[in-house]
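Accompanying notes for the structure given below.
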Amino acid sequence: MDEKPLHIEGTVENILFRNEQNGYAVVDIDAGGELITAVGDLGDVEEGEGLILEGQYINHKKFGTQFRADYCERKLPDTVVNIEKYLASGAVKGIGPGLAKKIVNVFGAQTLDIMENQPHRLSEIKGISAAKCEEIASETKKLFSLRCIMTFLQKYDIKSQYAMNAYRKFGTDAIELLKMNPYILCGDSIELEFEKADSIASDLHIEKNSEKRIIAGIQFILKANTAIGHTCLPLSILCNKATKVLDVSETDFYSSYNTALDDHELFEFWKNNREYVYLPDYYYAEQFIADRINILKDFTSPEDFDYNTLINIEEEEHNIKYETIQRRAITSAVSRGLMILTGGPGTGKTTALNAIISIFEKQGRKVLLAAPTGRAAKRMSDLTGKEAKTIHRLLEVIYDAGGKLTFAHNENNPLECDVIVIDEMSMVDVVLFEKLLRALRLGCRLIMVGDSDQLPSVGAGNLLGDLIDCGIVPVVALKEIFRQARQSCIITNAHKIVSGEYPDLTQKNNDFFFFKRSDYGKSAELLADLAEKRLPKAYNINPVDNIQILCPSRKGTLGTVELNKLLQEKLNPRSPKKAEHKGYLYTFREGDKVMQTKNNYDIVWRKDDEQGTGIFNGDIGRIVSINNMDKLAVVDFDGRNAAFTFDQLPQIELAYAITVHKSQGCEFEIVIIPLMDGFNKLSYRSLLYTAVTRAKKMLIIIGQEDEVHKMVDNNRSAKRYTCLKNMLRNEVPDKNNNIFSAPELQ
């Protein structure tokens with residue numbers, strides 16, 4: 001049974017710590033003569049303020065007794081002493097201790113009321129000029145605007161970070177704007193849940209069928225569907241979903257929908273006589289990709305140039321004999337403005353790619369290498385011997401003048417390169433690819449490398465598939481397995497799977513093993529035993545670093561959630577020497593293997609003398625330390641140490657077991673895959689193929705042979721709604737079958 005919250009009131013005496021980004025603070029409070037250390041989401045509190053807190057006392061092993069505030073209500077100081085202390089603390093920019101004393105001496109207990117409602121009267125203070133008065137008035141307006149919005153949102157149990165984000169975006173008009181339309185809190189850079197904004201709207205008596213509510217609801221549904229891969233939705237499906245979720249009529253839906261189209265809050269594209277609806281970012285992304293690709297494909301070298309001589313030199317220098325298809329790939333890459341090189345494991349993609357890079361460099365061209373994730377970039381570096389960066393790091397994440405996240409490299413500041421090679425293209429989503437294309441000069445060559453048989457990107461879109469299927473991008477597919485690669489059962493079975501053949505599950509002396517099990521519990525026991533004891537003992541390996549469990553699903557006994565809890569207790573058990581933090585889904589422990597589950601561009605990381613920002617979806621690391629006093633956890637991502645506040649910890653999950661989707665772009669020494677029936681929606685060929693090709697040295701499948709066969713037989717993949725292929729083909733008729741123009745290239 002939960003303890004009843006305790007209630008304390010007092011005045012802030014000292015600010016011990018404050019996180020400007022999320023509002024977490026540690027303060028000393030004078031509560032009736034007793035000094036209490038309080039911690040929690042207190043916002044931008046200042047010395048002298050009054051606080052009403054609800055929460056519980058906790059005992060920190062280092063800092064002793066503290067009051068953890070789960071609710072905070074702020075009151076401006078109302079005594080002369082506290083008002084002076086409040087102003088002297090720097091709450092209002094431009095007022096220091098000396099000026100604070102002068103102002104309070106003149107206006108006394110009415111000081112803050114006068115500053116808010118009659119700021120011109122500050123000119124009565126000796127030493128405050130008209131210009132200084134205007135400056136202080138402006139800063140005071142900002143202060144009271146932020147306090148007003150924070151106080152307003154506290155009534156709905158909405159954290160102060162949303163108020164701070166709203167203030168950054170809308171400034172001093174924020175409170176008036178959100179009272180007129182609370183759904184603005186759901187927009188970019190604030191991203192409050194629609195349900196919470198809806199509760200505010202209900203309290204403000206905004207009608208259920210109001211235009212602003214319906215448009216926000218439509219955007220919420222579209223955004224939720226981008227999280228599962230769709231860049232757009234058919235209008236009929238969107239209408240059906242929205243009318244049910246929002247409990248409104250079709251008439252109201254279409255009226256609001258048409259308004260949103262007119263205001264460019266939504267976009268539509270007609271494909272096969274059917275309307276598809278987009279959020280602006282995804283519409284512009286796919287349109288820009290289509291336009292730019294159609295330009296790049298026309299950049300070619302002179303037709304009469306003989307590339308065979310250059311390829312022969314590469315063969316002689318590296319003592320390699322390229323296959324005919326590899327020579328074709330090399331020729332296509334160095335002679336065209338763009339091309340796609342695709343193929344499964346063991347087909348010689350890396351060999352061909354190294355020749356392509358070498359020829360470009362001998363021509364004096366600057367070549368950049370990139371991949372979607374840190375692990376994929378590191379693997380690319382290992383295979384090519386050249387530096388490779390993540391796409392995010394290559395583009396350099398920054399904030400613009402309005403505080404919006406963007407990239408340093410774009411049309412106005414393109415990347416300094418003549419050729420760019422992107423590996424693991426199957427992982428790249430349309431929004432990131434659009435940003436990359438914007439950062440390339442028109443004459444820059446674009447080489448895209450990937451395996452088209454793998455799962456599509458975690459982000460929205462079916463980018464690689466659409467680029468291949470559109471028929472306008474040069475594609476070279478390597479399919480023949482090299483002789484040395486045929487010795488690996490992982491590789492030969494992967495090619496069998498992708499060809500619709502059943503893998504050989506009978507081998508016992510190679511790198512591909514199958515353990516037949518039909519009971520979920522016993523399968524989990526075997527998996528844990530292999531990971532904890534048998535494999536580490538047999539191969540003298542670290543189970544956390546060298547073994548990865550890949551699951552089709554998050555759910556069930558053999559899903560990632562339950563297996564992570566089981567493996568955590570086996571591989572990183574509870575210890576008095578290890579600090580812990582109990583999260584919503586997992587209890588995190590020092591030493592745990594974890595994965596970032598969403599892009600976070602703000603988190604600062606440090607690696608030796610280098611510092612940067614950004615930890616991205618799919619990055620895997622280890623928890624180095626957990627500080628319950630400061631509410632911080634430090635995670636090591638391949639040498640980059642990043643500090644997470646406890647509020648940010650829901651962005652990471654235990655990663656002893658991860659889904660196959662999250663494993664894309666990674667390679668692991670040993671992979672164990674539990675495959676049992678019961679997950680029909682996930683039993684398809686590309687998922688099995690992706691899982692198998694993640695294993696570098698050993699693959700173990702635990703489960704049922706019938707399930708393996710069912711996955712091989714099922715060659716469907718999860719359908720993603722996207723119109724990129726049609727845009728690439730310039731199929732852009734509107735609903736009246738007229739041609740409309742795409743956005744201009746910038």
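Basis for what follows: all heavy atoms, side chains included, without hydrogens, waters or symmetry-related copies.
Counting only distance, with no hydrogens or angles, the side chain of Asn225 and the backbone of His230 share no donor-acceptor pair below 3.5 Å. With hydrogens and angles disregarded, no donor-acceptor distance shorter than 3.5 Å links the side chain of Asp453 to the backbone of Val498. Looking at Thr597, its side chain does come within 3.5 Å of a backbone N or O of Gln651 through a donor-acceptor pair. Using modelled atom types, no side-chain atom of Asn714 and backbone atom of Lys710 make a donor-acceptor pair closer than 3.5 Å. Put simply, the side chain of Thr690 gets close to the backbone of Leu455: a donor and an acceptor are under 3.5 Å apart. The main-chain N or O of Leu728 is found under 3.5 Å from a side-chain atom of Asn294 such that the two form a donor-acceptor pair. Remark: the backbone N or O of Gln548 is not paired with any side-chain donor or acceptor of Lys593 at under 3.5 angstrom. Side-chain N or O atoms of Glu707 include none that pairs as donor or acceptor with a backbone N or O of Pro674 at under 3.5 Å. The main-chain N or O of Gly343 is found under 3.5 Å from a side-chain atom of Lys349 such that the two form a donor-acceptor pair. A distance-only check finds no donor-acceptor pair linking the side chain of Asp429 to the backbone of Ser457 [under 3.5 Å].
Considering all non-hydrogen atoms of both residues, Leu440 and Arg292 come closest at O-NH1, 3.6 Å. Leu246 and Arg213 get closest at one heavy-atom pair: O-NH1, 2.9 Å. Taking all atoms of both residues into account, the shortest heavy-atom contact from Val430 to Gly461 is CG1-CA, 4.1 Å. Nearest heavy atom pair, residue Asp451 against residue Pro345, reads OD2-CD, 4.2 Å. The two residues Leu296 and Leu446 have their closest heavy-atom pair at CD1-CD2, 4.2 Å. When all heavy atoms are compared, the tightest approach of Met676 to Gly703 is SD-CA, 3.7 Å.
For the salt bridge (Lys or Arg N to Asp or Glu O under 4.0 Å) test, residues two or more places apart in sequence or in another chain that qualify with Arg554 are Glu653. Phe433 pairs by the ring-ring contact (aromatic ring centres under 6.0 Å, His included) definition with nothing, not counting sequence neighbours.
Checking Tyr283 against Gln287 by side-chain atom types alone, a donor-acceptor pair falls below 3.5 Å.
Between Tyr254 and Tyr257, the two ring planes are perpendicular [angle over 60°; tilted spans 30° to 60°]. Between Tyr721 and Tyr276, the ring-plane angle classifies as tilted under the 30° and 60° cut-offs.
Met427 CE to Gln454 CD: the interatomic distance, rounded to the nearest 0.5 Å, is 8.5 Å. Atom-to-atom distance recorded for Asp706:CG and Leu675:CG is 12.0 Å, nearest 0.5 angstrom. Once rounded to the nearest 0.5 Å, the distance linking OG of Ser663 with CD1 of Ile549 reads 12.0 Å. Rounded to the nearest 0.5 angstrom, His495 NE2 and Glu501 CD are separated by 11.5 Å. With rounding to the nearest 0.5 Å, the separation of CE in Met595 from CD1 in Ile658 is 3.5 Å. Taking OG1 from Thr406 and NZ from Lys435, the interatomic distance works out to 6.0 Å, rounded to the nearest 0.5 Å.
Counted within 6.0 Å of NZ on Lys378, heavy atoms from surrounding residues, nucleotides or ligands total 12 or fewer; the atom is thus considered open. Counting heavy-atom neighbours within 6.0 Å of Glu191 CD, excluding the residue itself, gives a total above 12.
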Chi angles and distances behind the side chain to side chain contact (heavy atoms under 4.5 Å, CB included) call for Phe269, Glu286
CA-CA 11 Å; Phe269 185 92; Glu286 293 200 341; over 6 Å; no

Verdict with reasoning, Met380 to Val421, per side chain to side chain contact (heavy atoms under 4.5 Å, CB included):
CA-CA 10 Å; Met380 193 182 190; Val421 181; 3.7 Å; yes

Show your working on side chain to side chain contact (heavy atoms under 4.5 Å, CB included) between Leu688 and Val712 and close with a plain yes or no.
CA-CA 8 Å; Leu688 177 60; Val712 173; 3.8 Å; yes

If you apply the rule side chain to side chain contact (heavy atoms under 4.5 Å, CB included), what do you find for His661 with Leu687, and how did you get there?
CA-CA 8 Å; His661 284 84; Leu687 188 139; 3.6 Å; yes

Using atom types as modelled, flag every donor-acceptor pair under 3.5 Å from a side chain in residues 234-242 to any protein atom, sequence neighbours excluded.
none

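For the pair Ile620/Phe668, a side-chain contact is recorded, criterion being any heavy-atom separation below 4.5 Å from C-beta on. At a threshold of 4.5 Å between non-hydrogen side-chain atoms, the residues Phe407 and Leu436 do not count as touching. Taking 4.5 Å as the limit, some side-chain heavy atom of Lys662 sits within range of a side-chain heavy atom of Asn617. Inter-residue side-chain proximity for Asn410 and Leu395 is flagged as unmet; no heavy-atom pair is nearer than 4.5 Å. With contacts defined as side-chain heavy-atom distances shorter than 4.5 Å, the pair Thr557/Glu562 does not qualify. Considering only heavy atoms from C-beta on, Val660 stays 4.5 Å or farther from Arg694 through its side chain. Using a 4.5 Å heavy-atom threshold, the side chains of Leu222 and Gln219 count as separate. Residues Ile289 and Leu463 meet the side-chain proximity criterion, which asks for heavy atoms closer than 4.5 Å.
Considering Met339, Met425, Arg336 in turn, Met339 is the only one that fulfils the side chain to side chain contact (heavy atoms under 4.5 Å, CB included) rule with Ile447.
Tyr284 has its ring centre less than 6.0 Å from the ring centre of Phe267.
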